[in-house]
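Starting off with a structure, shown below.
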Amino acid sequence: PCVWVEGRDLDEALAAAAAGAAGLVAVGSEAGGRVGDESAFVLLQRLVGQVDLPVWLRGGIGLHTASAAVAGGARGVVLDAQLALLEECRLPVEIRKAVAAMDGSETRLVAGHRVYDRPGIPVDALAAGLPGVLGASSLDERLLPAGQDAALAAPLARRFPRVGRLVRALQRAIDGDRGQARAVRPLAPGAPLAAELGLRVPVLQGPMTRVSDTAEFALAVAAGGGLPFLALSLVRGEALVQLLEQTRAALGDRPWGVGMLGFAPKALREEQLTAVRRARPPVALLAGGRPAQARALEDDGIPTFLHVPSPGLLDLFLRDGARRFVFEGRECGGH
């Protein structure tokens with residue numbers, strides 16, 4: 001028989017290959033049920049080239065992430081909770097209602113399993129019975145193995161209410177996105193983002209304290225064709241002024257930026273804003289900031305990106321007029 005094996009990490013993947021598995025389903029941490037520590041796309045990159053098996057990817061799969069998975073080397077993708085609201089699905093009404101209301105934040109890792117969690121559900125009481133208590137018959141008696149990607153069920157069902165339509169849509173998206181990527185080449189030298197920011201390649205180096213807080217580091221990134229960001233963090237006073245002046249002098253006409261903490265104490269934030277306005281870097285980035293803070297810099301002619309760690313915040317920021325974003329996944333560091 002043709003047997004596929006789920007794997008949560010490289011060791012499990014290698015064991016599956018040694019045991020003669022026909023294929024591997026790589027399970028990212030955002031999936032439901034038994035999961036590992038790494039997100040789906042990080043895990044895929046770890047496995048491709050290391051495991052001599054075709055790899056299907058489970059975790060976080062939607063129309064466009066399916067395309068990205070295939071572009072990244074996956075043979076295909078696996079859907080589970082994303083199908084919960086399709087017409088063919090026969091889940092209990094209470095389960096369907098719970099999934100329909102999800103935004104991705106209602107899951108929790110318990111003993112290596114990602115399950116649905118909300119106030120009133122006896123997760124801790126049931127956890128001792130894992131994995132035997134996993135199921136979809138009752139939220140009171142079973143732990144629902146739902147991942148963060150269950151939040152995709154509602155938007156997918158609205159557009160593609162039946163399984164056949166969804167599968168065909170996924171295939172069209174994979175083919176269409178790959179064709180668009182080949183035509184637009186968004187990561188190539190001179191791509192639209194690179195052209196807009198005056199870069200050779202569309203790569204922005206994220207600010208990091210004690211790493212990207214010297215003019216020399218910024219110059220090295222710029223020399224490679226990317227956009228360096230100084231990590232201003234809690235720097236103030238003469239050290240702040242010198243850092244900005246040295247970087248501006250070292251980079252000359254090359255683009256560079258500053259990374260600021262939107263949640264820093266007000267006095268420090270105002271001091272940094274004053275120094276940044278004087279130095280006039282071509283770009284700024286706010287971590288944990290708000291659109292009003294970004295507008296203060298935009299009004300001075302400094303294009304400003306906002307960190308966005310959740311879909312809810314993205315909606316709020318868009319309604320407030322923000323248009324430049326850095327999307328932050330759970331697997332990144334910092335805020």
Side-chain angles (χ1 to χ4, degrees), residues 4 6-8 13 23-32 35-36 38-51 53-86 102-104 114 146-196 201-204 308-311 314-315 318 324-332:
W4 296 357
E6 285 197 346
R8 303 177 298 171
L24 178 72
V25 176
V27 183
S29 64
E30 62 270 68
V35 299
E38 294 183 311
S39 67
F41 283 99
V42 172
L43 179 60
L44 177 64
Q45 292 173 78
R46 190 177 303 283
L47 299 182
V48 171
Q50 297 293 318
V51 181
L53 286 175
V55 177
W56 283 261
L57 190 63
R58 179 166 81 87
I61 300 301
L63 288 180
H64 300 300
T65 46
S67 308
V70 173
R75 177 70 61 86
V77 295
V78 177
L79 304 179
D80 46 27
Q82 296 97 317
L83 307 177
L85 302 180
L86 300 186
M102 287 184 67
D103 67 6
R114 186 173 295 282
Q148 295 167 326
D149 47 20
L152 300 175
L156 287 175
R158 285 194 293 269
R159 296 179 63 187
F160 316 105
R162 297 187 64 82
V163 172
R165 290 180 60 182
L166 176 56
V167 171
R168 289 191 293 272
L170 278 170
Q171 187 60 63
R172 287 195 301 270
I174 292 171
D175 294 340
D177 287 349
R178 293 170 75 188
Q180 185 181 45
R182 284 193 293 267
V184 177
R185 301 184 69 217
L187 300 181
L193 180 62
E196 178 183 341
V201 292
V203 175
L204 283 62
V308 180
S310 71
L314 177 61
D315 289 339
L318 284 169
R324 293 182 175 90
F325 303 104
V326 173
F327 297 147
E328 293 188 290
R330 184 179 298 274
E331 64 271 55
C332 76

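The first residue of the sequence shown is numbered 1, and numbering continues consecutively from there.
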Here the gap from R182 atom CZ to D177 atom CG, rounded to the nearest 0.5 Å, amounts to 10.5 Å

Considering all heavy atoms, the nearest G23-W56 contact
CA-CZ3, 4.0 Å

Main-chain N/O of V167 paired to Q171 side chain as donor or acceptor, under 3.5 Å
no

Correct closest heavy-atom pair for A40 and L57 would be O-CD1, 3.5 Å

In this structure, CD of E38 is separated from CD of E331 (nearest 0.5 Å) by 10.0 Å

Quick check: closest heavy atoms across G190 and A195, and the distance to 0.1 Å?
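Between these two residues, the closest heavy atoms are O-CB, 4.2 Å.
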
When you compare the side chain of L204 with that of L193, does any pair of heavy atoms fall below 4.5 Å?
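With C-beta onward as the side chain, the pair touches.
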
Using modelled atom types and a 3.5 Å cut-off, is there a donor and acceptor pairing between side-chain atoms of R58 and backbone atoms of G32?
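Yes: the side chain of R58 pairs with the backbone of G32.
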
Main chain of S67, side chain of R178: is a donor-acceptor contact present, judged purely on distance under 3.5 Å?
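Looks like no, no N/O pair under 3.5 Å.
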
Just how far is it from atom CG of L156 to atom CG of L170, taken to the nearest 0.5 Å?
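Going from the CG atom of L156 to the CG atom of L170 covers 7.5 Å.
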
Nearest 0.5 Å please: distance from the CZ atom of F325 over to the CG atom of L318.
4.0 Å

Heavy-atom side-chain proximity of T65 to D149 below 4.5 angstrom:
no

Any heavy-atom pair between the side chains of V78 and W4 that's under 4.5 Å?
no

Minimum heavy-atom distance F160-R172, with the two atoms named:
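For F160 and R172, the tightest heavy-atom pair comes out as CE2-NH2, 4.4 Å.
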
Closest contact, heavy atoms only, L24 versus A13:
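Minimum heavy-atom separation between L24 and A13: CD2-CB, 3.4 Å.
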
Donor-acceptor under 3.5 Å (E6 side chain, V27 main chain)
no

Under 3.5 Å, side chain of Q82 to main-chain N/O of D80, donor-acceptor pair present?
yes

Of all heavy-atom pairs between A26 and L43, which one has the smallest distance, and what is that distance?
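That closest heavy-atom pairing would be CB-CD2, 3.9 Å.
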
With rounding to the nearest 0.5 angstrom, report the CG to CG distance, L152 to L63.
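Those atoms lie 9.0 Å apart.
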
